[in-house]
Amino acid sequence: MTYCVGLLLQRGLVFMSDTRTNAGIDNISVVTKLRTWNVPGDRFLCLLSAGNLATTQSTVSLLEERGLAPSQRKPTLLTQPSMFQTAKVIGETLKEVISFTAESGQEGSSRFSGSFILGGQIKGGRPRLFMIYPEGNFIEAGPDNPFFQIGEHKYGRPILVRTYEPQMSLEDAVKLLLVSFDSTIKSNLSVGLPIDVQVYETGKLEAGYRQRFDHRDPYYRQISEGWSDSLKTAFDRLPPFIPANAASS
């Protein structure tokens, strides 16, 4: 019951997530699924989560608790030398939580499953983006796969595939993701407003622009209504269908 996207650009990273955790006529909950950590001048990290809420929250809490307890020997998010090592720590912790929770041991397909998108930059390295699976392994974004989606992603994917350009501005990327989310929200009850967005600019090593969009936000309403109108206009401009037998007669 979620939709999250991490987008890798030449100019930085853009993250977006919905906040719905339950979908039903009389049972809708809102919880943020976008978390950030920042050591100005050293590193910026953003983590998006999908799957079993207890699993993902336990994973994040465990990572943060280990950061607060000096006696703990296991590594923490803010002490890793690279984004790769940070993704590895998160993957290992996620696997640990699922293994502890599931009755029959760790299994990615269990109801205790969860997944993450991790992005950010550590001093001395470039911005990087990873998708972390419940089994604890992960893959990295690159030219052939410049964005990751988790959760209910099928309705919002076509606009990303057709429109994404690596050199696009961060502002255009936010607009693109809002269209992707609006398409998903209109097609799937399990994804809903508010939407959280976080922008990170390459080389800044500090948190950038962050905002939450809800149904009252004038820009989101403009995007939603404008996209619907544009689709109708584009459809009307397509050539009419003429049956083959009518064309030959």
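If you read the sequence from its start, that first residue is 1, and numbering goes on from there.
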Could you check whether atom NZ of Lys154 has more than 12 heavy atoms from other residues, nucleotides or ligands sitting under 6.0 Å from it? yes

dist Thr163:OG1 -> Leu176:CG (nearest 0.5 Å) comes out at 5.5 Å

Does any N or O in the side chain of Arg20 come within less than 3.5 Å of the main-chain N or O of Leu189, such that one atom is a donor and the other an acceptor? yes

In Å and rounded to the nearest 0.5 Å, what is the NZ to CG distance from Lys88 to Leu118? 15.0 Å

State whether the side chain of Thr184 and the backbone N or O of Ser180 hold a donor-acceptor pair below 3.5 Å, judged by distance alone. yes

Min side-chain heavy-atom separation Ile195-Thr19 under 4.5 Å: no

Side chains of Gln57 and Val31 in contact at under 4.5 Å (non-hydrogen atoms): yes

Working to the nearest 0.5 angstrom, can you tell me the gap between Phe100 CZ and Leu62 CG? 10.5 Å

Any non-hydrogen side-chain atom of Trp37 less than 4.5 Å from a side-chain atom of Val39? no

Applying ring pair (Phe, Tyr, Trp, His ring centres under 6.0 Å) as the test, list every pair that has at least one member in residues 172-208; sequence neighbours left out. Tyr3-Phe181, Phe44-Tyr200

Which residue pairs pass the salt bridge (charged side-chain N to carboxylate O under 4.0 Å, His left out) test with at least one member in residues 192-212, sequence neighbours excluded? Asp196-Arg212

For Arg157, side-chain contact (heavy atoms from CB on, under 4.5 Å) partners two or more places apart: Phe147, Gln149, Val161

Rounded distance (nearest 0.5 Å) linking atom CG of Leu34 with atom SG of Cys46: 4.0 Å

What residues form a side-chain contact (heavy atoms from CB on, under 4.5 Å) with Ala50, not counting sequence neighbours? Thr2, Ser115, Ile150

Does any N or O in the side chain of Thr56 come within less than 3.5 Å of the main-chain N or O of Leu53, such that one atom is a donor and the other an acceptor? yes

With sequence neighbours excluded, residues passing side-chain contact (heavy atoms from CB on, under 4.5 Å) with Glu171: Ser169

Set of residues satisfying ring pair (Phe, Tyr, Trp, His ring centres under 6.0 Å) with respect to Tyr220, sequence neighbours excluded: none

Can you give me every donor-acceptor pair (side chain of residues 222-244, partner residue at least two apart or in another chain, under 3.5 Å) with its distance?
from, atom 1, to, atom 2, distance (Å)
Ser224, OG, Asp182, OD1, 2.8
Ser224, OG, Asp182, OD2, 3.4
Ser224, OG, Lys186, NZ, 2.7
Ser228, OG, Ser224, O, 3.2
Ser230, OG, Gly226, O, 2.8
Thr233, OG1, Asp229, O, 3.0

Checking Asn38 now: which residues fulfil side-chain hydrogen bond (donor to acceptor under 3.5 Å, both in side chains) with it, not counting sequence neighbours? none

Qualifying ring pair (Phe, Tyr, Trp, His ring centres under 6.0 Å) pairs, either residue in residues 156-177, two or more places apart: none

A side-chain contact here means heavy atoms from C-beta on lying under 4.5 Å apart; do Val174 and Val199 qualify? yes

Can you find a heavy atom in the side chain of Thr93 that is under 4.5 Å from one in the side chain of Val89? yes

Arg126: what forms a side-chain contact (heavy atoms from CB on, under 4.5 Å) with it, not counting sequence neighbours? Arg128, Glu140

side-chain hydrogen bond (donor to acceptor under 3.5 Å, both in side chains) involving Arg216 - partner list, sequence neighbours excluded: Asp214

Could you name each residue pair satisfying salt bridge (charged side-chain N to carboxylate O under 4.0 Å, His left out) that touches residues 33-46, not counting sequence neighbours? Asp18-Lys33

Is it the case that the side chain of Ser113 and the backbone of Pro134 share a donor-acceptor pair, with hydrogens and angles ignored and the cut-off at 3.5 Å? no

Output yes when a side-chain donor or acceptor of Ser49 lies under 3.5 Å from a complementary backbone atom of Phe116, and no otherwise. no

Would a 4.5 Å heavy-atom cut-off, applied to side chains only, mark Leu94 and Ile98 as touching? yes

From Gln85 atom CD to Ser82 atom OG, the distance as rounded to the nearest 0.5 Å: 4.5 Å

